[in-house]
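As the structure is a prediction and not an experimental result, all values here were calculated from the model. Chain naming here is simple, since letters A, B, ... match the order of the sequence lines and numbering starts at 1 in each.
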Amino acid sequence: MLAVVDCNAFYCNCERLFRPDLKNTPIVVLSNNDGCVISRTPEAKKFDIAMGVPYHHISKLCREKKIAVFSSNFALYTNLSHRVMSVLKSITSRVEVYSVDEAFIDLSGARDFFHEGQYIKAEVERLVGIPVSIGIAPTKTLAKMAVEMAKKSHFGVISLDTKKKQLDALKGLPVSAVWGVGHGRQLRLQSIGIKTATDLMNYKNPLLLRKNLTKLGEQIQDELNGIQCFPLGERTEKKKSISSTRTFSQASYDKIVVSQAIATHASDVACELRMQGSVCKKIAIMIRSNPFQSFHEQYNGMLAANLLTPTSNTFELIKIAFELLDEMWKHGISIHKAGVFALDIQDEHEHEVDLFAPIIDPRQAELMRTIDCINDREGPRMVRSAACGTDNKAWAMRQNMLSPRYTTSWIDLPMVR
DNA sequence: TCTGGGGTCCTAGGACCC
DNA sequence: TCTGGGGTCCTAGGACCC
């Protein structure tokens with residue numbers, strides 16, 4: 001049996017720790033530049049404040065309803081996240097930190113799962129002060145469903161430790177509520193007659209399931225049936241890609257301003273690389289204009305360079321990033337967002353350091369241009385750059401940038417912190 | 001000149017998640 | 001006026017080798 005421990009409205013409750021007077025007040029926390037809502041308490045949800053809405057759409061409501069609004073403070077959230085995780089590690093030896101506000105833990109030693117869950121919840125709240133919900137089940141997928149129920153329940157803990165409880169929990173849930181089933185997979189499942197979580201659990205045609213959902217479909221189905229496919233991992237492994245990107249508070253035409261941002265991002269990425277003892281074999285930079293100002297000429301570019309000598313050296317990475325920026329810079333277009341990506345990451349000691357080797361592969365004299373597009377009158381085209389691992393289609397959907405058949409779905413997409 | 005099969009590696013792209 | 005940031009995994013298909 002395993003459990004997922006999920007902090008309730010994590011960022012909001014981090015802020016609340018220092019503002020006990022806001023105990024029952026609705027709170028929202030905003031993203032970088034106070035752009036949009038990335039966390040909100042149940043009290044704020046009652047005003048229909050959705051995840052990801054632009055703040056300027058709800059600022060009036062916030063004033064009227066006296067909703068407390070915070071700019072984000074990620075240093076604080078990271079710190080409190082570590083504290084929560086160490087409490088969990090002190091209680092159970094096997095903890096998989098899944099995200100800043102979520103962890104899977106092993107509960108196999110417990111005699112009474114529900115009471116163990118309550119104990120853990122109480123300990124986290126006592127020692128850190130962050131309220132959590134806990135879902136307990138034989139598999140991660142079921143535990144995720146349990147924790148969703150737990151958030152709405154009085155105790156904040158739900159244990160699906162018997163088959164009957166599991167069946168009851170799935171009853172009536174749409175298949176999109178299953179962990180790992182997003183909009184695209186939901187449509188594919190619908191096309192073969194699977195509409196609810198129970199449908200998926202009982203589906204009898206593994207070939208068709210695999211055809212539509214690849215191997216993952218069968219795994220999710222097994223997990224719903226209590227068969228573990230995604231075992232608890234320790235997750236101490238190193239990151240496989242590292243990025244640093246930021247929207248400017250004010251878009252800029254100035255190459256110097258953008259260079260400064262690029263240098264900062266490259267330096268951050270280099271620092272992260274060294275912290276995990278890695279080097280990267282490929283570096284990419286991204287600059288783009290503001291897609292919301294569709295009346296302006298748009299630019300969305302990404303350029304990558306393969307490195308002959310993998311590195312995590314700040315100066316080397318900044319130098320290459322600047323070369324890339326030179327290569328792709330477009331005069332007369334205001335840049336709204338910029339970023340640096342470290343790709344093809346490998347262990348530091350895995351490659352031999354040759355101090356005299358050139359950094360950029362001379363065989364690739366001209367830098368690899370992966371994306372470079374300027375839109376015409378029809379509005380920005382989003383082109384995905386594969387290597388960076390970003391999800392431009394989902395992103396474009398959220399931004400209402402794709403055709404109308406997509407725009408209706410963007411609200412379904414999880415917009416998360 | 002034509003024809004064959006099998007394997008591995010790499011990359012672009014799709015989908016999801018928090 | 002004002003719309004975030006950071007990740008993972010899987011697969012198809014092409015390049016290349018024998």
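- Side-chain nitrogen and oxygen atoms of A:Lys337 include at least one within less than 4.0 Å of the OP1 or OP2 phosphate oxygen of C:dG5.
- Across C:dG7, C:dG5, B:dA15, the shortest atom-to-atom separation from the side chain of A:Thr247 is found for C:dG5.
- Note that the CE atom of A:Met149 and the CG atom of A:Leu173 stand 8.0 Å from one another [nearest 0.5 Å].
- Remark: the backbone N or O of A:Tyr299 is paired with a side-chain donor or acceptor of A:Ser289 at under 3.5 angstrom.
- Note that CG of A:Leu307 and CG of A:Leu317 are 7.0 Å apart. Values are rounded to the nearest 0.5 Å.
- When each of A:Asp34, A:Asn33, A:Asn32 is paired with A:Ser71, the side chain to side chain donor-acceptor pair (under 3.5 Å) condition holds for A:Asp34 and for no other.
- In this structure, the nucleotide among B:dC17, C:dC2, B:dC16 sitting nearest to the side chain of A:Tyr98 is B:dC17.
- At C:dG6, one or more side-chain N or O atoms of A:Thr245 fall inside 4.0 Å of OP1 or OP2 (strictly under the cut-off).
- In the displayed structure, A:Lys319 atom NZ is contacted under 6.0 Å by at most 12 heavy atoms of other residues, nucleotides or ligands.
- Taking for each of A:Phe248 and A:Ser244 the nucleotide of DNA chain C with the nearest heavy atom, the 5'-most of the two is the partner of A:Phe248.
- The side chain of A:Ser241 lies closest to C:dG7 when the candidates are B:dA15, B:dC17, C:dG7.
- With sequence neighbours left out, the side-chain contact (heavy atoms from CB on, under 4.5 Å) criterion links A:Ala321 to A:Ile262, A:Ala266, A:Ile283, A:Ile285.
- Nearest nucleotide to the side chain of A:Ser243, out of C:dG5, C:dG7, B:dC18: C:dG7.
- Closest to the side chain of A:His56, out of C:dG5, C:dG7, C:dT3, is C:dT3.
- Of the residues in residues 25-33 of chain A, A:Ser31, A:Asn32 come within less than 4.0 Å of DNA chain C through at least one heavy atom, sorted by number.
- When each of B:dC18, C:dT3, B:dA15 is scored by its nearest atom to the side-chain atoms of A:Arg185, the top-ranked nucleotide is B:dA15.
- In DNA chain C, runs of at least 3 stacked Watson-Crick or G-U pairs (N1-N3 plus N6-O4 or O6-N4, or N1-O2 plus O6-N3, all under 3.5 Å) give these stems: B:5-18 with C:5-18.
- For the P atoms, the distance linking B:dT3 with C:dC18 amounts to 23 Å, nearest Å.
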N/O contacts under 3.5 Å, protein versus nucleotides 10-13 of chain C?
| residue | atom | partner | partner atom | Å |
| --- | --- | --- | --- | --- |
| C:dT11 | OP1 | A:Lys215 | N | 3.4 |

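- The two atoms that bring A:Asn313 and A:Glu316 nearest to each other are OD1-N, 3.0 Å, heavy atoms only.
- Here C:dT8 is the nucleotide among C:dT8, C:dT3, C:dG5 with the atom lying nearest to any side-chain atom of A:Lys240.
- Remark: A:Lys140 is positioned above the aromatic ring of A:Phe104, its terminal NZ or CZ atom under 6.0 angstrom from the ring centre and at most 45 degrees off the axis.
- With sequence neighbours left out, the side-chain contact (heavy atoms from CB on, under 4.5 Å) criterion links A:Ser176 to A:Pro174, A:Gln186.
- Within residues 250-277 of chain A, no residue approaches DNA chain C, by heavy-atom distance under 4.0 Å.
- At the phosphate of C:dG6, OP1 or OP2 sits under 4.0 Å from a side-chain N or O atom of A:Arg246.
- Between A:Gln186 and B:dC16, a side-chain N or O to OP1/OP2 separation shorter than 4.0 Å is absent.
- At distances below 3.5 Å, not a single donor-acceptor pair connects side-chain atoms of A:Arg288 with backbone N or O atoms of A:Ile335.
- Stacking is found between A:Phe292 and the pyrimidine-like six-membered ring of the C:dT3 base under the 5.5 Å centre-distance and 30° plane-angle cut-offs.
- Aromatic ring centres of A:Trp179 and A:Tyr98 lie closer together than 6.0 Å.
- Between the side chain of A:Arg246 and the main chain of A:Gly339, no donor-acceptor pair closer than 3.5 Å is present.
- Using a distance-only test at 3.5 Å, with no hydrogens or angles considered, no donor-acceptor pair links the side chain of A:Arg40 to the main chain of A:Lys45.
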